[in-house]
Amino acid sequence: MPIPAPLPCAPETEALLLAQAQRLSGYTLGELASLAGIATPEDLKRDKGWIGILLEIWLGASAGSRPEQDFAALGVELKTIPVDGQGRPLETTFVCVAPLTGNSGVTWETSHVRHKLKRVLWVPVEGERSIPLARRRVGSPLLWSPDEEEDRQLRLDWEELMDMIVLGQVERITARHGEFLQLRPKAANARALTEAIGAQGQPILTLPRGFYLKKNFTRALLERHFLLCR
DNA sequence: GGTTGATCATTA
DNA sequence: TAATGATCAACC
């Protein structure tokens, strides 16, 4: 097997993207970092997005901040997901920031959540903290779109959460709302505030929130893939 | 502050 | 021990 090289730019087709991702499975993060010429941090405490950046480099996604999907021309979003030894997710998955104002007329069909999740390249990575970061291995990738059932599950949670936001109940939302999609803070710290709608319809300042996929959702999605591979 | 990339660490 | 609420870094 030839040693792989990072893609210099976004692949032109889904098939090429998937093929490159498949080439990476089995390699450790230390190997991929070294081959890409970047240093591996001791741990992720101060580099929480490092694995995501590393995989973006290898798959030819434009690194850094971008407004749209990782592979805009393909309409594909890249998500690395930390998993345990059984391939089960260790963390929830951030989807996008939740709009807390200006939501009149927004529907599930036109929502950022649905758009982001329309097509996702999932790349599982060993995530147990007992494994040194450099020795964690990349797993086999999955190019996924929500099926009817998954779309319905997400829509029901999204509608519940958005109703609360629109009705000025954002500060009453906890991570317990939603079976598969939850709303949680997404901020630099507790001092970062953004505008939202208060209980009396007045503007308030509150913590920015993000939509996250709960582990039961991503676990099922990865399991479905695993079953199809046997 | 807001976007991207997420995981940390305290609590229940 | 798992999940919630909090936080870290880079770029703009």
Side-chain angles (χ1 to χ4, degrees), chain A residues 6 10 21 29 32-33 36 38-72 76-86 88-102 112-113 115-117 120-134 136 138-139 141 157 161 164 170-196 203-220:
Chain A
L29 297 179
L32 294 180
I38 66 172
T40 305
E42 273 303 300
D43 54 53
L44 297 175
K45 285 181 188 176
R46 307 191 73 82
D47 296 270
K48 297 183 179 181
W50 183 78
I51 298 177
I53 306 290
L54 177 64
L55 270 292
E56 284 185 350
I57 292 170
W58 274 92
L59 296 174
S62 40
S65 55
R66 282 153 293 93
E68 273 306 308
Q69 287 144 321
D70 297 291
F71 304 96
V76 173
E77 175 75 14
L78 172 67
K79 288 289 179 197
T80 61
I81 184 164
V83 295
D84 67 14
Q86 278 70 242
R88 294 174 304 208
L90 288 166
E91 292 286 350
T92 56
T93 302
F94 173 72
V95 179
C96 61
V97 169
L100 301 183
T101 59
H112 292 300
V113 173
H115 183 244
K116 277 273 185 184
L117 298 179
V120 179
L121 179 66
W122 296 97
V123 182
V125 177
E126 286 181 326
E128 281 160 337
R129 294 190 213 174
S130 58
I131 309 174
L133 185 57
R136 297 183 196 173
V138 175
D157 285 342
L161 294 167
M164 292 184 72
V170 64
E171 297 197 309
R172 294 183 57 181
I173 298 176
T174 74
R176 296 163 195 82
H177 289 86
E179 265 189 83
F180 305 101
L181 187 71
Q182 62 182 181
L183 196 77
R184 308 216 310 275
K186 164 66 173 173
N189 53 58
R191 274 72 66 192
L193 298 175
T194 192
E195 190 174 293
I204 60 169
L205 287 178
T206 193
L207 226 42
R209 314 298 163 102
F211 286 108
Y212 294 79
L213 296 177
K214 297 181 71 171
K215 288 191 277 185
N216 57 352
F217 187 86
T218 47
R219 181 168 60 236

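Numbers restart at 1 for each chain; the letters A, B, ... are given by sequence-line order, proteins then strands.
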Side-chain heavy atoms of A:Leu117 within contact of A:Val95, under 4.5 Å: yes

Spacing between A:Phe94 atom CZ and C:dT7 atom P, to the nearest angstrom: 17 Å

Touch class at under 4.0 angstrom, heavy-atom based, for A:Arg191 against every strand present: sugar-phosphate

Base C:dA3 to side chain A:Tyr212, donor-acceptor N/O within 3.5 Å cut-off: no

Toward the 5' end of DNA chain B, by each residue's nearest nucleotide, A:Val97 or A:Arg129: A:Val97

Side chain to side chain, A:Ile53 and A:Asp47, heavy atoms closer than 4.5 Å: no

Whether A:Asn189 side chain and A:Ala192 backbone form a donor-acceptor pair below 3.5 Å: yes

Spacing of A:Leu183 atom CG relative to C:dA3 atom P, expressed in whole Å: 18 Å

Pairwise 5' ranking along DNA chain B for A:Val95 and A:Glu91, keeping only the more 5' one: A:Val95

Donor-acceptor pair (no angle test) under 3.5 Å: A:Lys45 side chain, B:dT7 base: no

A:Lys116 side chain near B:dT4 phosphate (N/O to OP1/OP2, under 4.0 Å): yes

Out of C:dA6, B:dA9, B:dT3, whichever nucleotide has its closest atom nearest the side chain of A:Pro185: C:dA6

Polar side-chain atom of A:Trp58 near backbone of A:Leu32 as donor-acceptor pair, under 3.5 Å: yes

CD-CG distance between A:Gln182 and A:Leu213, expressed to the nearest 0.5 angstrom: 9.0 Å

A:Leu207, A:Thr174, A:Thr92 screened by side chain to side chain contact (heavy atoms under 4.5 Å, CB included) with A:Arg184, the one that passes: A:Thr92

Donor-acceptor pair, side chain of A:Arg136 and main chain of A:Ile131, under 3.5 angstrom: yes

A:Glu56 side-chain proximity, nearest of C:dT4, C:dT7, B:dG5: B:dG5

Sugar-phosphate only, base, or nothing, as touched by A:Leu193 at under 4.0 Å among non-hydrogen atoms: sugar-phosphate

Whole angstrom value for the distance that separates C1' of C:dA2 from CZ of A:Arg88: 12 Å

Sugar-phosphate only, base, or nothing, as touched by A:Arg46 at under 4.0 Å among non-hydrogen atoms: sugar-phosphate

Options B:dT7, C:dT4, C:dA3, nucleotide nearest the side-chain atoms of A:Pro82: B:dT7

A:Leu207 or A:Arg219, whichever maps to the more 5' nucleotide of DNA chain C: A:Arg219

Interatomic distance, A:Lys214 NZ vs C:dG5 P [rounded to whole Å]: 11 Å

Length of the CG-C1' vector between A:Leu213 and C:dT4, whole Å: 16 Å

Rounded interatomic separation in angstrom, taking CD from A:Glu77 and C1' from B:dG5: 10 Å

Proximity to the side chain of A:Leu44 - top-ranked nucleotide from C:dG5, B:dC8, C:dA2: B:dC8

Sugar-phosphate only, base, or nothing, as touched by A:Gly49 at under 4.0 Å among non-hydrogen atoms: base

Sugar-phosphate, base or nothing in reach of A:Asp47, heavy atoms under 4.0 Å: nothing

Under-3.5 Å donor-acceptor pair between A:Lys186 side chain and B:dG2 base: no

Any A:Thr80 side-chain N or O less than 4.0 Å from OP1/OP2 of B:dG5: no

Minimum-distance nucleotide to A:Thr174 side chain [options: B:dT3, B:dG1, C:dG5]: C:dG5

Atom pair distance, as rounded to whole Å: CH2 in A:Trp50 and C1' in C:dC11: 19 Å

Distance, rounded to the nearest Å, where A:Arg184 contributes CZ and C:dA6 contributes P: 11 Å

Side-chain N,O (A:Thr194) to OP1/OP2 (B:dG2) below 4.0 Å: yes

